[in-house]
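Notes for the one structure printed next.
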Amino acid sequence: MANLNGNVMERIVALCKRRGFVFQSSEIYGGINGFWDYGPLGVELKRNLKDAWWLDMVRNPPLGPDGREFQMVGLDCSIIMHPQVWKCSGHYDLFSDMMVDCQKCKSRFRHDQLYVWEVRSGLEDDPQSKLIGYLATMGNDDDALADVQARARKLSKKISGGRLLDQWQAESIIAYRTRCNNNTDLVRCPSCDEQGSFTTPREFNLMLESHAGPIKDEDNRVFLRPETAQGIFVNFKNVIDTCRVKLPFGIAQMGKSFRNEITPRNFTFRSREFEQMEIEFFCHPSESNRWYEFWRDVRFNWYTSLGLKSAKLRLREHDKDELSHYSCGTSDIEYAFPFLADGDFGELEGVAHRGDFDLRSHMEGKLVNKDGKLVPDLGPDGKPKWKGSGKDLTYFDDERKERFTPHVVEPSAGADRATLAVICEAYTVDESRPSPELMRFHPRLAPIKAAVFPLVAKDGMPEIAEPIYRDIRKRWPAQYDAKQSIGKRYARMDEAGTPFCFTIDGQTKEDGTVTVRDRDTGAQERIDKSRVSEYLAAKLNV
RNA sequence: GCGGGUGUAGCUCAGUGGUAGAGCGUCACGUUGCCAACGUGAAUGUCGUGGGUUCAAAUCCCAUCACCCGCUCCA
């Protein structure tokens, strides 16, 4: 039986293992960091969640903010795409550079854009000259020079007669270390001027790489997608051209994505291989705020409809300074997972207003924010650093008689995180019950919908129970169990989160009724055995 | 990435150099007439992995992997 002394998350992990919800990947070989497997119950649970999303968002979406219908279509694109997709989306640049972080002010600097200035006391040729420190700047233009001079004066006020001696670009770690004589802890942050707050330069390879083709070289290097969204954007024109969709409409996709997370942790919450459920919703720019608010609320309510009803679920609007450079609004749907500190929430889904950033990126090439405007990122030769597709991804609206680049609202959900939240929310301890641990899954998500038990495995009870079980099985995942005591069988179903158990007893032979036991209350009622499917249909479609 | 902790049966854990253990779970048989019941019996271990010390290692040493906690990170 479960040990109820450990912390909640440990007990949930133990139950997930014990009942076959989640296993560590490659466990017999010692496991592999950041990867998890779903067992027989877990796969049903996660599939039910994904099916609910697909049904509720794609096949049977809600009405729009104006009470009118809008179109939603699906997509399933390849995990490996043309490398240029990631160069234009910005993923490649952001995570293939050497980066330096300031641990004080949390600024992050590209190592190859960082300049370091040596500051010494005394005048030139002064044999008593002493090293005061190193000042880092972004770039080495006039602004940077003015900045570093001001900072040097301030620094040297404490130590009289300071001067700038040398400046160089921190283009490689070796040069950086050598030129600082390994005194890298004397380098001051360009942003907050804190000394010694830099991490060592680190290479950020967020994307997992592979090679398409038998020869492993730079020419055929490819990336496993870090998000499913880009596959939607690059198919935008295909969908428009072939599927008779009209704005506003959405394209949905779920599937595996991969990120080389620095610190995979917290059970399945941050994994290197994970599954996303993403929608890109395309609309006229003038209506984008309205659709953003619409999707934010629709998505939040979706979680509550699946039983995430407690105060542990919340909607959090991002602050202005928290927004990505292209976003005009983002909300996170968050859950207070048991492994987080009190008051902390973890992201289940981000709903972002992305403007026309993505479609323009795939037309014009990678975009950067310059003075509040998105412009193509230019290389040293003045040409776009990463060339776009050059394809026209604008849309002609026949009613408005207007051509424009649609704006995008992106509800981006984590299927594994939602599954984990559902598990955590369902986990209940009630020590007054003979079986103190139970999983109170929403009936729609429960991996097993019903179990059928002969009270004892004799006196003709199995003969009555088996046909009932086989009838249920045609429509819902169900289990039949005739072994061991009835209490043990109920307890097993409680841990699996099965909402209903039907038991055939002595009275069944007399009047044809069976008992139905409710998982959450333990209460029983009798119904006619012919009404079992009808009963389930009514109870499960909530 | 840094610091601390933990790895022994499916789960929870005991076992500080000398035969691999317990409770629960699982399975079988019997019993059982509604909530992890009882009886009898059974199966289950690369003691995380690799190396070293030793006549002998779950136990001591080194390395490594995984998980947990705290920082860090999370486009």
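Predicted model only: the values in this text are computed from it and were never measured.
With both ends at atom C1', the span from B/G41 to B/G52 equals 44 Å, rounded to whole Å. Rounded to whole Å, the separation between the C1' atoms of B/A9 and B/U44 comes to 6 Å. Only the P atoms considered, B/G51 is 31 Å distant from B/A43, to the nearest whole Å. When the P atom is compared between B/A20 and B/U16, the two are found 15 Å apart, to the nearest whole Å. The C1' atoms of B/C68 and B/U31 are separated by 44 Å, rounded to the nearest whole Å. Distance check on atom C1': B/U40 versus B/C34 gives 25 Å, rounded to whole Å. Of the P atoms belonging to B/A37 and B/C27, the separation is 13 Å, rounded to the nearest Å. Rounded to the nearest Å, the gap between the C1' atom of B/G45 and that of B/A36 is 25 Å.
Rounded to whole angstrom, the span from the CZ atom of A/Phe269 across to the P atom of B/C73 amounts to 16 Å. Whole-Å rounding puts the A/Asp494 CG to B/G25 C1' distance at 16 Å. To the nearest angstrom, C1' of B/G48 lies 13 Å from CD1 of A/Ile28. In this structure, A/Arg11 places its CZ atom 12 Å from P of B/C13, rounding to the nearest Å. Rounded to whole angstrom, the span from the CZ atom of A/Arg18 across to the C1' atom of B/G23 amounts to 14 Å.
Across every strand in view, B/U40 sits in a pair with B/A28 that passes the Watson-Crick or G-U test at under 3.5 angstrom. The partner of B/C71 is B/G1, by the rule that a Watson-Crick or G-U pair needs both atom distances under 3.5 Å. Partner assigned to B/A63 is B/U49, using Watson-Crick or G-U wobble distances below 3.5 angstrom. Searching all strands for a Watson-Crick or G-U wobble partner of B/C11 with both distances below 3.5 Å returns B/G23.
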Distance-only donor-acceptor hits, side chain of residues 447-459 of chain A, under 3.5 Å, sequence neighbours excluded:
| residue | atom | partner | partner atom | Å |
| --- | --- | --- | --- | --- |
| A/Lys449 | NZ | A/Pro443 | O | 2.8 |
| A/Lys449 | NZ | A/Arg444 | O | 3.0 |
| A/Lys449 | NZ | A/Ala446 | O | 2.9 |

Without placing hydrogens or testing angles, list every side-chain donor-acceptor pair under 3.5 Å for residues 411-418 of chain A, not counting sequence neighbours.
| residue | atom | partner | partner atom | Å |
| --- | --- | --- | --- | --- |
| A/Ser412 | OG | A/Glu278 | OE2 | 2.6 |
| A/Asp416 | OD1 | A/Tyr38 | OH | 2.7 |
| A/Asp416 | OD1 | A/Lys46 | NZ | 3.0 |
| A/Asp416 | OD2 | A/Glu275 | N | 2.6 |
| A/Arg417 | NE | A/Phe269 | O | 2.9 |
| A/Arg417 | NH1 | A/Glu347 | O | 3.0 |
| A/Arg417 | NH2 | A/Phe269 | O | 3.4 |

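For A/Lys17, no side-chain nitrogen or oxygen approaches OP1 or OP2 of B/G10 to under 4.0 Å. Listed pair A/Gln24 / B/G48 fails the phosphate criterion, with no side-chain N or O lying under 4.0 Å from OP1 or OP2. Close to B/A28, at under 4.0 Å from its OP1 or OP2, lies a side-chain N or O of A/Lys483. Between B/C69 and A/Asn266, a contact under 4.0 Å exists linking OP1 or OP2 to a side-chain N or O. Taking only side-chain nitrogens and oxygens, A/Ser485 comes nearer than 4.0 Å to OP1 or OP2 of B/A37.
Nearest-nucleotide positions on RNA chain B place A/Leu455 closer to the 5' end than the other of A/Leu455 and A/Glu227. Each of A/Lys458 and A/Ala523 was matched to the nucleotide of RNA chain B holding its nearest heavy atom; the match closer to the 5' end belongs to A/Lys458.
In this structure, the side-chain contact (heavy atoms from CB on, under 4.5 Å) partners of A/Glu334, at least two apart in sequence or on a different chain, are A/Arg314, A/Arg316, A/Asp332, A/Phe345. Checked against salt bridge (Lys or Arg N to Asp or Glu O under 4.0 Å), A/Arg473 has no partners two or more places apart in sequence or in another chain. Evaluation of the side-chain contact (heavy atoms from CB on, under 4.5 Å) rule for A/Ser331 yields A/Tyr292, A/Arg296, A/Leu315, A/Glu317 as partners, not counting sequence neighbours. Evaluation of the side-chain contact (heavy atoms from CB on, under 4.5 Å) rule for A/Phe35 yields A/Ser25, A/Ile32, A/Arg272, A/Glu273 as partners, not counting sequence neighbours. Scanning for side-chain contact (heavy atoms from CB on, under 4.5 Å) contacts around A/Ser361 gives A/Phe357, A/Leu367, with sequence neighbours left out.
If you check distances only, the side chain of A/Thr515 does reach the base of B/C34 with a donor-acceptor pair under 3.5 Å. Interface remark: the A/Gln484 side chain does not form any donor-acceptor pair with the B/A28 base, using a distance-only criterion of under 3.5 Å. Between the side chain of A/Tyr490 and the base of B/C34 there is at least one donor-acceptor pair of N/O atoms closer than 3.5 Å.
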Using a cutoff of under 3.5 Å, can you pull out all pairs of nitrogen or oxygen atoms linking the protein to nucleotides 39-45 of chain B, with atom names and distances?
none

Restricting to nitrogen or oxygen on both sides, can you table the protein-nucleotides 3-7 of chain B pairs closer than 3.5 Å?
none

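If you check every strand for non-hydrogen atoms under 4.0 Å, A/Arg517 touches a base.
A salt bridge does not link A/Asp377 with A/Lys87: every distance from a Lys NZ or Arg NE/NH1/NH2 to an Asp or Glu carboxylate oxygen is 4.0 Å or more.
Here the side chain of A/Arg19 pairs no donor or acceptor atom with the backbone of A/Glu495 at under 3.5 angstrom.
The aromatic rings of A/Tyr92 and A/Phe223 sit perpendicular to each other, their planes meeting at more than 60°, with 30° as the lower class boundary. Using the six-membered ring where Trp is involved, A/Phe337 and A/Tyr335 have ring planes that are perpendicular, over 60° apart on the 30 and 60° scheme.
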